[in-house]
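A short worksheet on the structure shown next.
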Amino acid sequence: MKKVIYVEIDEEITSIFDRAKRAKQKEIYLVVPRKAILFHSAVNLQILKRKLAEIKKKLVIVTTDHTGRHMAERAGIKVYARIEIEENKAPDDDDPEASIQPMTARRNEVSKDDKPTRTEKKVTIRELINDHRIKDRKRKATIEAGGGQFNFVRPNRKFLGLIVAVSVGLFMLITYIALPGATIYIKPKFDNINHSVNITLADKRTNQNILRQNRPNVIASENIDIETKQTKVFNTTSKEFEGTNAKGKIKIINTADEEWPLKGNTRFQTEDGIIFRIESGVVVPPAKLVEVPAAPVVIEPALDEEVVGESEIPEDIPVPEPQLELQNGELIVEVTADPFDIYDDPVGDRGNIGKGIKLSIPGLSKFNQRQIWAVTDEVLKGGTTSYYKIVKEEDIESAERQIEDNLILIAKEDLRTRIDEINKLNHTNLVLLDDRRYVKTELLDLRISDDLEGTRKEKFEVFAKISAQGVAYDFDQLFSLMQKELKTRTHPDMRIRDGSISPDTISYEVIDEDETLGQIKITATIQGIEEFVIDSSEEAGIRFGNKTRDKVLGLPIEEAQNVVANLPEVDDVQIKVWPIWLTSLPRIPENIEIKLLEEEL
């Protein structure tokens with residue numbers, strides 16, 4: 001058996017409990033109106049449920065309040081939108097008098113064209129009533145004798161049509177008000193969020209006390225040691241030139257107004273990097289002004305003059321003065337090509353270049369190179385190509401540096417491999433501190449042939465071995481710590497978007513180290529995306545949903561879409577209604593559903 005109690009909108013929880021306590025039934029159905037005091041706090045429902053459970057009574061909430069239903073479900077209370085109460089129908093009336101239909105009298109009308117002939121005896125009203133009473137007594141006597149019969153009364157067609165019309169109208173009204181629904185798909189606004197935290201990586205061997213105290217922002221670390229070795233073959237880069245160098249004369253051009261001294265072995269370079277040198281120092285003369293004879297004056301006779309004899313030359317024609325012209329300083333010198341160009345390739349016959357090739361002086365600035373340069377004054381020739389490779393001291397030193405750098409890179413990968421093995425063995429998630437300063441290496445062995453230097457070889461071999469030590473830390477602990485820190489920085493109406501935080505969004509920078517204590521301090525930064533809460537499973541989403549529904553109830557679809565789109569929490573919105581021919585949103589809040597737009601795309 002169940003007891004239905006109707007709660008007043010301002011009824012206190014103590015009054016409700018007293019009424020439920022007095023009821024004899026074990027199931028208490030509370031019918032609660034919208035915006036009742038009972039729904040002002042989820043604590044009220046939890047207290048009421050616990051008190052009724054103490055007296056072994058079960059609580060059920062019946063309400064249409066959206067917030068109240070959500071709070072009751074969170075409190076573990078069954079919730080219904082409506083209940084059905086059985087009604088006792090009155091028994092059918094067996095009184096036959098109830099079936100007596102009222103009589104209707106009709107007026108006797110006679111057409112003027114009819115003849116007033118009478119073939120029957122005239123019956124009075126008194127006689128009709130007496131006749132009806134006699135028939136009624138006979139019917140009652142028949143019913144009492146057990147021979148009753150059902151009298152079918154034909155319904156009035158107009159009344160029946162009216163009932164049908166009213167029923168159809170009520171059905172359409174209910175369909176228009178109660179059945180229409182709308183779904184508002186919302187894409188919440190979002191923003192990038194990041195947060196930095198100072199964290200200490202403490203060596204678990206020397207910081208056991210600190211780690212046992214579970215101090216905030218302290219993560220255990222440990223040193224990982226390995227040895228790495230490599231044998232590598234290097235190409236010989238040094239060459240000895242056996243050919244001959246091209247020689248010839250070039251013209252040095254100086255456009256400056258002063259002398260330009262050049263030292264011995266000054267380089268003159270072609271566009272493709274071939275170098276020519278002067279043997280000794282020279283001084284290039286400056287540019288200067290020189291006199292240039294003026295062009296003679298030519299006098300032509302006028303067109304309208306008649307030439308009878310020899311033309312007369314006027315005696316007063318002025319003699320033109322000589323012109324001054326700037327002439328560059330020039331000096332011709334002999335140069336010899338270098339055995340190798342700027343790219344360390346042999347020159348040889350490539351130094352045999354033609355006349356008129358421009359040469360720059362690479363030792364000068366760009367500005368000075370525009371004031372002084374050279375051109376070949378003749379074809380340079382005599383160059384032949386011939387060379388061989390030889391292992392020199394610089395080749396060996398370069399190989400030693402390269403193999404040590406390679407071993408450091410290999411050591412980092414070997415450290416990660418060793419950490420992976422430890423993780424599989426201990427079911428951990430250690431990660432190497434990726435900072436070269438904290439991958440410490442020591443060269444243990446380096447082997448190069450003693451008689452290698454000075455030999456003619458295209459390639460040579462070097463062996464090296466190093467020890468490496470890296471720092472590993474618990475990445476799961478770091479990731480969990482950073483996630484918690486980031487969530488504490490979000491707006492109360494926002495949340496961190498699912499999937500926006502991953503191990504790839506964490507970066508860090510080492511800021512300090514205490515080798516004595518075995519501690520390394522880092523600044524870790526995590527990035528994510530925060531968005532407004534739309535989901536009705538959270539209180540912020542419930543508040544947003546109620547606010548949105550109140551603003552768009554009964555509005556035309558386009559206007560409602562504009563209203564929602566202008567909300568500060570909304571980035572994009574789509575509205576769908578059912579039936580599809582509706583032009584406005586329902587007027588009942590419960591018929592409007594709000595969903596995330598991403599769920600439907």
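Starting from 1, each residue takes its place in the sequence as its number.
For the pair Leu597/Ile186, no side-chain contact is recorded, criterion being any heavy-atom separation below 4.5 Å from C-beta on. Two residues are said to be in side-chain contact when any heavy atoms from C-beta on lie closer than 4.5 Å; Asp434 and Lys412 meet this criterion. Using a 4.5 Å cut-off on side-chain heavy atoms (C-beta onward), Pro285 and Asn254 make no contact. Put simply, the side chain of Gln371 does not reach to within 4.5 Å of the side chain of Leu364, judged on heavy atoms. Using a 4.5 Å heavy-atom threshold, the side chains of Leu452 and Lys457 count as touching. At least one side-chain heavy atom of Asn223 sits less than 4.5 Å from a side-chain heavy atom of Arg205. Put simply, the side chain of Ile199 reaches to within 4.5 Å of the side chain of Met482, judged on heavy atoms. Looking only at side-chain heavy atoms (C-beta outward), Val431 and Ile419 stay at 4.5 Å or farther from each other.
Note that CD1 of Ile253 and CD1 of Ile372 are 9.5 Å apart. Values are rounded to the nearest 0.5 Å. Separating the CG atom in Leu478 from the CG atom in Asn217 is a distance of 10.0 Å, to the nearest 0.5 Å. The line from CD of Gln477 to CG of Leu201 is 9.5 Å long, rounded to the nearest 0.5 Å. Rounding to the nearest 0.5 Å gives a distance of 4.5 Å between NZ of Lys389 and CD of Glu458. One finds the OG1 atom of Thr270 at 7.0 Å from the CG atom of Leu359 (value rounded to the nearest 0.5 Å). Atom CG of Leu262 sits about 5.5 Å away from atom CD1 of Ile252, to the nearest 0.5 Å.
In this view, Ser280 satisfies the side chain to side chain donor-acceptor pair (under 3.5 Å) rule with no residue, not counting sequence neighbours. Every side chain to side chain donor-acceptor pair (under 3.5 Å) that Asp414 has, sequence neighbours left out, goes to Thr228.
Residues Thr455 and Asp451 share a closest heavy-atom pair of CG2-O, 3.1 Å. Smallest separation of non-hydrogen atoms from Gly454 and Ile390: O-CD1, 3.5 Å. A pairwise comparison of heavy atoms in Gln483 and Ile526 identifies N-CD1, 4.2 Å as the closest pair. Of all heavy-atom pairs spanning Ala472 and Leu430, the tightest one is CB-CB, 4.2 Å. Across every non-hydrogen atom of Met494 and Lys189, the tightest pair is CE-O, 4.2 Å. Minimum interatomic distance between Ile534 and Pro188 (heavy atoms only, all atoms of both residues): CG1-CB, 3.7 Å.
Here the side chain of Lys229 pairs no donor or acceptor atom with the backbone of Asp445 at under 3.5 angstrom. Proximity of a side-chain donor or acceptor of Thr336 to a complementary backbone N or O of Arg277 within less than 3.5 Å is not detected. Between the side chain of Thr266 and the main chain of Lys263, a donor-acceptor pair closer than 3.5 Å is present. Side chain of Ser480 to backbone of Asp476: no donor-acceptor contact under 3.5 angstrom is found. The closest donor-acceptor contact from the side chain of Thr183 to the backbone of Lys576 lies at 3.5 Å or more, if one exists at all. A distance-only check finds no donor-acceptor pair linking the side chain of Asp349 to the backbone of Thr385 [under 3.5 Å]. A donor-acceptor pair under 3.5 Å is formed between the side chain of Asn352 and the backbone N or O of Gly382. Formation of a donor-acceptor pair under 3.5 Å by the Thr376 side chain with backbone atoms of Gly356 is found in this model. With hydrogens and angles ignored, the 3.5 Å screen pairs a side-chain donor or acceptor of Glu378 with a backbone N or O of Lys249. When atom types are taken as modelled, the side chain of Asn214 and the backbone of Val218 share no donor-acceptor pair closer than 3.5 angstrom.
One finds no salt bridge joining Arg418 and Asp225 here, because no Lys/Arg side-chain nitrogen approaches an Asp/Glu carboxylate oxygen to under 4.0 Å. Salt-bridge formation is detected for the pair Glu531/Arg495: a Lys NZ or Arg NE/NH1/NH2 atom is positioned less than 4.0 Å from an Asp or Glu carboxylate oxygen. Between Arg543 and Asp493, at least one side-chain N (NZ, or NE/NH1/NH2) sits under 4.0 Å from a carboxylate O, which counts as a salt bridge. Taking the charged nitrogens against the carboxylate oxygens, Lys247 and Glu334 have no contact shorter than 4.0 Å, which rules out a salt bridge. Taking the charged nitrogens against the carboxylate oxygens, Asp345 and Arg350 have no contact shorter than 4.0 Å, which rules out a salt bridge.
More than 12 non-hydrogen atoms from other residues, nucleotides or ligands lie less than 6.0 angstrom from NZ of Lys392. The 12-atom threshold is exceeded at CD of Glu240, counting heavy atoms of other residues, nucleotides or ligands nearer than 6.0 Å. Around the CD atom of Glu271, the shell of radius 6.0 Å holds no more than 12 heavy atoms that belong to other residues, nucleotides or ligands. Other residues, nucleotides and ligands place no more than 12 heavy atoms under 6.0 Å from the OH atom of Tyr387. Counting heavy atoms of neighbouring residues, nucleotides and ligands inside a 6.0 Å radius, atom CD of Gln369 exceeds 12 of them.
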Practice problem: Could you check Trp260 against Val283 for side-chain contact (heavy atoms from CB on, under 4.5 Å), going step by step and ending with a plain yes or no? | Solution: CA-CA 6 Å; Trp260 204 299; Val283 177; over 6 Å; no

Self-check item: side-chain contact (heavy atoms from CB on, under 4.5 Å) assessment of Leu407 paired with Thr441
Solution: CA-CA 9 Å; Leu407 281 174; Thr441 60; over 6 Å; no

Practice problem: Please lay out, stage by stage, how Leu446 and Val462 fare under the test side-chain contact (heavy atoms from CB on, under 4.5 Å). | Solution: CA-CA 7 Å; Leu446 180 64; Val462 178; 3.7 Å; yes

Practice problem: List the steps and the verdict of side-chain contact (heavy atoms from CB on, under 4.5 Å) for Leu432 and Ile224. | Solution: CA-CA 9 Å; Leu432 179 68; Ile224 308 296; 6.0 Å; no

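Remark: the Asp395 side chain and the Ser238 side chain contain an N/O donor-acceptor pair separated by less than 3.5 Å. Of the N and O atoms on the side chains of Arg267 and Gln269, not one donor lies less than 3.5 Å from an acceptor on the other residue. Side-chain contact annotation: Asp203 with Ser221, donor-acceptor N/O pair under 3.5 Å absent.
Within the structure, the side-chain hydrogen bond (donor to acceptor under 3.5 Å, both in side chains) test picks out the following pairs touching residues 498-521 (sequence neighbours left out): Asn207-Gln519.
For Lys232 and Phe234, the positive end sits near the middle of the six-membered ring, less than 6.0 Å away and at most 45° from its axis.
Relative ring orientation between Phe475 and Tyr473 is described as tilted, the plane-to-plane angle lying within the 30° to 60° band.
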